[in-house]
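First up is the structure itself, then whatever we jot down about it.
Because the structure is predicted, anything quoted here is derived from the model rather than measured. Protein chains get the first letters and strands the later ones, always in sequence-line order, with residue 1 at the start of each. Side-chain atoms are counted along with the backbone in the values below, which use heavy atoms only and exclude waters and symmetry mates.
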Protein chains: 2
Amino acid sequence: MKRNTWQREAVRDALGRTEGFVSAQALHASLRGTGSEVGLATVYRALADLAHEGEADSLVQEGESLYRACTPGSHHHHLICRNCGTAVEISADPVEAWARQVAAEHGFTEPNHVVDVFGLCPECSAAASAR
Amino acid sequence: MKRNTWQREAVRDALGRTEGFVSAQALHASLRGTGSEVGLATVYRALADLAHEGEADSLVQEGESLYRACTPGSHHHHLICRNCGTAVEISADPVEAWARQVAAEHGFTEPNHVVDVFGLCPECSAAASAR
DNA sequence: GAGCGCCGTGAGAATGGTTCTCGGTAGGAT
DNA sequence: ATCCTACCGAGAACCATTCTCACGGCGCTC
Ligand SMILES: [Mn+2]
Ligand SMILES: [Mn+2]
Ligand SMILES: [Zn+2]
Ligand SMILES: [Zn+2]
């Protein structure tokens, strides 16, 4: 039986309040900044659990795991800003079908896929061209 | 001016001889096993260079960077066995177009994408169902 | 509400892949 | 052959993540 602790709730809330993907360390720093006394290990544990239960999406960028709040039960992918982490949820139905087909064609079973699109969001694009 | 050292050549050869993706550590162990005295740091440097120059593909799995020899100049993706690392190069033209389009639709510039398909290769599938 | 069992927590240590440091070595232009 | 300097290697440093373990509080029972 899973327990309800203020720590888990704080992590869930902070993640929901965050725009785009964040690292465990950044989320921990943010929580500490607001006076919360959650431990770093707890933030890692909570984020891993949330991701495992489908309440958060995760991706790895430059050796760091990044997380984002996510409505559970929906398989989707992300369009992510390389500069600020802002993310847009996108559906990729044609890609889903393509992935299944290409796996089957080569006799691979239990197919999986990793599909992420990166770029510079409108704001960061504007900032980059202004510079 | 880039120098030709036997170490770089040894790494390039070992990578070319390897089926599927390998980690820097595994490649280093393999080289040491054949009597070569390359250093671990050199293997890391050589693999990073090869990947940067397009002579190798890389992906990150469970916190480890994996590399594979690759014909330069061709953008493609991989179908990778989760169990043994065997990889098949696949073209993903429909996905390329989809990625560009989805980025443009949301005003994202300089689009990039990460597309990997994982599964169990025929051999590992057979082994898994036999068990 | 009080007692109890035991899961979750947190500080710090450990881990492990990767990168850095720096004295030494060797590629290659002249 | 000489010189300049990029490259090498061993080990230390780095750093995100995980582990350890004593402690505290959540939730079930009465
Ligand atoms: Mn998908
Ligand atoms: Mn592509
Ligand atoms: Zn941005
Ligand atoms: Zn396999």
Side-chain angles (χ1 to χ4, degrees), chain A residues 1-15 18 20-53 55-68 80 82 84-85 114 116, chain B residues 1-15 18 20-53 55-68 80 82 84-85 114 116:
Chain A
M1 60 296 297
K2 173 156 297 185
R3 293 185 183 174
N4 277 338
T5 63
W6 64 265
Q7 289 96 336
R8 301 236 172 201
E9 200 52 39
V11 169
R12 201 197 310 270
D13 283 2
L15 192 64
T18 306
F21 282 82
V22 270
S23 68
Q25 309 241 13
L27 204 63
H28 177 244
S30 154
L31 282 163
R32 284 300 181 100
T34 69
S36 172
E37 304 228 321
V38 241
L40 178 57
T42 299
V43 174
Y44 273 103
R45 284 187 284 240
L47 286 175
D49 285 355
L50 288 174
H52 191 260
E53 294 159 14
E55 288 191 59
D57 281 312
S58 69
L59 64 91
V60 179
Q61 198 176 22
E62 292 169 29
E64 225 182 3
S65 281
L66 304 181
Y67 296 88
R68 177 179 206 226
I80 304 145
R82 268 195 300 273
C84 68
V114 175
D116 290 305
Chain B
M1 63 291 298
K2 169 156 299 184
R3 292 181 183 174
N4 278 337
T5 64
W6 64 265
Q7 289 96 336
R8 299 231 176 209
E9 201 51 40
V11 169
R12 201 197 311 271
D13 283 2
L15 192 64
T18 305
F21 282 81
V22 269
S23 67
Q25 310 243 11
L27 203 65
H28 177 243
S30 154
L31 282 163
R32 284 300 182 100
T34 69
S36 172
E37 305 228 320
V38 245
L40 177 58
T42 300
V43 174
Y44 273 103
R45 284 187 284 241
L47 287 175
D49 285 355
L50 289 173
H52 191 259
E53 293 159 15
E55 289 191 59
D57 281 311
S58 69
L59 63 90
V60 180
Q61 200 177 18
E62 292 170 28
E64 226 181 3
S65 281
L66 303 180
Y67 296 88
R68 176 178 208 228
I80 305 145
R82 268 195 300 272
C84 68
V114 175
D116 290 307

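- Between B:Leu59 atom CG and B:Glu64 atom CD the span is 10.5 Å, to the nearest 0.5 Å.
- Comparing B:Glu62 and A:Ala41 by the nucleotide of DNA chain C that holds the closest heavy atom to each, the one mapping nearer the 5' end is A:Ala41.
- Going from atom OH of A:Tyr44 over to atom C1' of C:dG10 covers 14 Å, rounded to whole Å.
- Taking atom NE2 of B:His28 as the reference point, atom P of C:dT18 lies 13 Å away to the nearest angstrom.
- Contact annotation: B:Thr5 side-chain N/O to C:dG27 OP1/OP2 distance is not under 4.0 Å.
- Residue-level contact check: A:Gln25 touches the bases, meaning some heavy atom is under 4.0 Å from a base atom.
- Rounded to whole Å, atom P of C:dT18 lies 12 Å from atom CD of B:Gln61.
- Note: CG (B:Asn4) to C1' (C:dG28) measures 10 Å, nearest angstrom.
- With rounding to whole Å, B:Leu40 atom CG is found 10 Å from C:dT19 atom C1'.
- Once you apply a 4.0 Å limit to the heavy atoms of chain B, the touched nucleotides of DNA chain D run 5' to 3' over D:dT5 to D:dA10.
- The nearest whole Å value for the distance from the CD atom in A:Glu9 to the C1' atom in C:dG8 is 15 Å.
- When the nearest nucleotides of DNA chain C are assigned to A:Arg32 and B:Ala48 by heavy-atom distance, the more 5′-ward of the two goes with A:Arg32.
- B:Arg45 comes within contact range of at least one nucleobase, with a heavy-atom separation under 4.0 Å.
- The separation between A:Leu47 atom CG and C:dT9 atom P is 12 Å, rounded to whole Å.
- Here the side chain of A:Ser30 pairs no donor or acceptor atom with the backbone of A:Ala26 at under 3.5 angstrom.
- The OG1 atom of A:Thr18 sits 10.0 Å away from atom CG of A:Asp13, with the distance rounded to the nearest 0.5 Å.
- OP1 or OP2 of C:dT18 lies within a sub-4.0 Å distance of a side-chain N or O belonging to B:Ser65.
- Counting distance only, with no hydrogens placed and no angle test, the side-chain atoms of A:Arg3 and the base atoms of C:dC6 include a donor-acceptor pair under 3.5 Å.
- Within 6.0 Å of atom CD in B:Glu53, more than 12 heavy atoms from other residues, nucleotides or ligands are found, so the atom counts as buried in its surroundings.
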What's the verdict on side-chain contact (heavy atoms from CB on, under 4.5 Å) for B:Phe21 and B:Ile80, showing C-alpha distance, side-chain angles and the deciding distance? CA-CA 8 Å; B:Phe21 282 81; B:Ile80 305 145; 4.1 Å; yes
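- A:Gln7 contributes atom CD, which lies 11.0 Å from atom CG of A:Asn4 (distance to the nearest 0.5 angstrom).
- With rounding to whole Å, B:Glu64 atom CD is found 12 Å from C:dT19 atom P.
- Rounded to the nearest 0.5 Å, atoms CG (A:Leu27) and CG (A:Leu66) are 11.0 Å apart.
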